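Okay, so here's the structure we're looking at.
All values derive from a computational prediction rather than experimental measurement. Proteins get letters first, then strands, A, B, ... in listed order; numbering begins at 1 in each.
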There are 2 protein chains.
Amino acid sequence: MRQDIHNADVPVLCRACEARHRGICGALDANELLRLGRRSSRHEHGAGTTLVAVGDRPEHCSNILSGVVKLSKLLADGRQQVVELQFAPDFLGRPFAEQSDVLVEAATDVRLCSFPRLALEAMMADAPALENRMHRQALRQLDDARDWMMTLGRKNAAEKVASFLLMIARHVRPQDDGYSSRFDLPLSRSDIADFLGLTIETISRQLTRLRKDGTIGIERARHVTVQDLEALKRAAAI
Amino acid sequence: MRQDIHNADVPVLCRACEARHRGICGALDANELLRLGRRSSRHEHGAGTTLVAVGDRPEHCSNILSGVVKLSKLLADGRQQVVELQFAPDFLGRPFAEQSDVLVEAATDVRLCSFPRLALEAMMADAPALENRMHRQALRQLDDARDWMMTLGRKNAAEKVASFLLMIARHVRPQDDGYSSRFDLPLSRSDIADFLGLTIETISRQLTRLRKDGTIGIERARHVTVQDLEALKRAAAI
DNA sequence: CGGCGTTCTTGATGCAGATCAAATAAAATG
DNA sequence: CATTTTATTTGATCTGCATCAAGAACGCCG
């Protein structure tokens with residue numbers, strides 16, 4: 001079992017997922033959990049799998065047990081923008097939407113514990129604590145989206161790349177100070193570019209610059225060590 | 001009374017606001033409405049007024065009765081990004097947050113019907129329909145934020161400005177086809193630049209280009225007429 | 001281990017939008 | 001209405017990132 005689903009604020013054992021996490025199940029009492037758990041199913045998907053296409057009717061909402069999920073938007077001419085990354089133990093899915101307006105893909109291998117969306121919506125009507133939990137998560141996602149809008153709209157390439165590294169370090173195996181000092185990038189250069197509104201060449205050049213600075217180390221393209229966290233924070237323009 | 005608060009989907013008369021609108025009050029039954037209405041207060045603010053500063057404890061949530069509210073984020077060096085515009089009859093405020101992480105300002109003169117945030121949070125616990133209403137609004141805001149991330153990250157200046165005009169036309173006095181053909185820009189060139197991640201000079205040049213194209217007309221800098229809606233949509237890259 | 005497709009890096013060049021600078025238009029003030 | 005102030009437009013120039021073009025490193029599979 002991975003460290004990222006063994007988090008500090010563990011509210012309750014989710015029988016459906018058979019794992020402790022801070023997903024939605026923490027909002028439920030034992031009976032509700034049992035009822036929802038009866039409808040749950042486990043799934044594993046390899047990196048790159050499409051989970052929900054644009055226009056699809058989303059049938060499930062899921063606790064992410066491990067891995068990283070990428071939400072993106074497409075323009076008719078092929079331009080792409082990654083609009084959110086979701087990490088274990090986030091909750092994945094958009095209740096109350098009859099069709100998805102984002103493309104949902106597994107960025108890495110992922111394990112999910114899924115519930116039928118309609119069952120979840122029905123249950124929210126009965127269990128106010130569940131709706132409150134989902135509501136708070138939506139508000140947190142909105143806060144994060146706004147933070148990222150600042151990054152997209154007003155930061156330069158160097159600041160964007162540094163901000164991205166900090167974001168990953170905060171979400172993948174975080175340590176005491178809230179940031180990992182060693183991690184694997186869950187995204188290709190191309191995905192990073194689509195997340196930051198840049199090109200792969202610019203991503204590569206900025207990573208090289210940070211490496212030559214001594215701010216980070218990079219091995220085999222994907223493995224990053226943060227050598228100077230304060231410098232990285234300064235580079236991100238906070 | 002303004003047309004924008006007389007909308008088609010009018011659920012209920014809100015006694016607190018003394019106005020029909022599709023704000024949160026539509027989720028309440030008569031008793032709840034009365035209870036919340038007793039705690040409400042009306043406010044008017046001139047354009048440019050700061051409603052909530054970053055770090056402030058937000059005391060109120062409000063139905064916007066008229067006008068436009070601007071939410072923005074600041075970097076230490078003064079760079080600014082507008083992260084959302086809210087129009088009547090949207091609901092303004094971030095429940096469950098002890099301090100604001102955005103700067104909330106009146107972009108135009110605004111009239112608000114405000115409720116104490118804590119009263120509203122307490123009431124959400126009692127009235128599931130109210131929490132559901134707020135939850136759905138948060139999800140809609142998240143969808144909009146993601147749309148705008150695509151605009152910020154992947155569109156060029158011409159597309160950004162066209163997208164902005166369409167967004168305003170959809171929200172200010174919308175007509176049958178969902179877009180106004182005549183409206184006043186609720187934002188200065190400087191605010192538009194901070195919304196689009198551009199400079200005022202670029203905004204001005206792109207507006208001039210659209211005017212010379214015959215796509216739009218501009219009088220006295222702020223008043224816009226949409227002369228060719230289809231061309232404007234094409235210019236926005238949808 | 002070696003060949004091969006894929007991903008990543010590095011270099012050279014071009015251009016969209018920023019920046020700097022000034023003119024003009026509009027709004028505010030008395 | 002004249003005067004000042006502020007907002008917007010327009011022009012000239014500069015620059016950061018995109019684009020185009022090779023190479024280098026890596027992962028995969030026989």
| task | Please indicate whether A:I218 has more than 12 foreign heavy atoms, meaning atoms of other residues, nucleotides or ligands, lying under 6.0 Å from its CD1. | result | yes
| said: Rounded to whole Å, please give me the gap between CD1 in A:I203 and P in C:dT10. | reply: 14 Å
| message | Could you tell me how far apart A:K155 (NZ) and D:dC17 (C1') are, to the nearest whole angstrom? | response | 18 Å
| query | For B:L198, which contact category applies under a 4.0 Å heavy-atom criterion: base, sugar-phosphate, or nothing? | reply | sugar-phosphate
| request: Take the protein atom CG of A:D191 and the nucleotide atom C1' of C:dT7, then report the distance between them rounded to whole Å. | output: 12 Å
| Electrostatic pair A:K73:A:E84 at N-O distance under 4.0 angstrom | no
| query | Any idea which of D:dT10, C:dT19, D:dT19 is nearest the B:R211 side chain? | reply | D:dT10
| said: So, does B:T208 get its side chain near the phosphate of D:dT10, meaning an N or O under 4.0 Å from OP1 or OP2? | reply: yes
| query | Is it true that B:E105 and B:K70 have a side-chain N and a carboxylate O under 4.0 angstrom from each other? | reply | yes
| said: Side chain of B:T199, heavy atoms from C-beta onward: which of C:dA18, D:dC20, D:dT8 has the nearest atom to it? | reply: C:dA18
| field | Under-3.5 Å donor-acceptor pair between A:R205 side chain and D:dG16 base | value | no
| field | Donor on one side chain, acceptor on other, A:T225 and A:R182, under 3.5 Å | value | no
| said: Can you measure A:E201 atom CD to D:dC20 atom C1' for me and round it to whole angstrom units? | reply: 9 Å
| For DNA chain D, whose closest nucleotide is more 5', that of A:Q206 or that of A:A221? | A:Q206
| Tell me: CG of B:D194 to P of C:dA18, nearest whole Å? | 12 Å
| request: Provide, to the nearest angstrom, the distance between the CD1 atom belonging to B:I218 and the P atom belonging to C:dT24. | output: 19 Å
| remark: Rounded to whole Å, the CD1-C1' distance (A:I192 to C:dT9) equals 14 Å
| said: Check this for me: does the side-chain of A:R209 come within 3.5 Å of the base of C:dT9 through a donor and an acceptor? | reply: no
| task | Check whether more than 12 heavy atoms from other residues, nucleotides or ligands sit under 6.0 Å from atom CZ of B:R57, and answer yes or no. | result | yes
| note | Considering only heavy side-chain atoms of B:A157, the closest of D:dT19, D:dT8, C:dG17 is C:dG17
| Residue from A:Y179, A:F183, A:F87 passing ring pair (Phe, Tyr, Trp, His ring centres under 6.0 Å) with A:H171 | A:F87
| query | Of all the choices, D:dA21, D:dG27, D:dT8, which nucleotide is nearest to the side chain of A:R220 once you look at every atom? | reply | D:dG27
| query | Which residue lies toward the 5' end of DNA chain C, A:R154 or A:S204, if each is placed at its nearest nucleotide? | reply | A:S204
| query | Name the one of B:L152, B:D194, B:L75 that satisfies side chain to side chain contact (heavy atoms under 4.5 Å, CB included) with B:Q81? | reply | B:L152
| said: Starting the side chain at C-beta, find the nucleotide from C:dT9, D:dA18, C:dC20 nearest to A:T202. | reply: D:dA18
| task | Note the angle between the end axes of the helix from C:dC1-D:dG30 to C:dG30-D:dC1, five pairs defining each, rounded to 10 degrees. | result | 50°
| said: Can you measure A:I200 atom CD1 to C:dG11 atom P for me and round it to whole angstrom units? | reply: 16 Å
| Nearest nucleotide by nearest heavy atom, which residue falls closer to the 5' end of DNA chain D, A:E219 or B:R222? | B:R222
| task | Decide whether B:R111 and B:S66 meet the rule of one side-chain donor and one side-chain acceptor closer than 3.5 Å. | result | yes
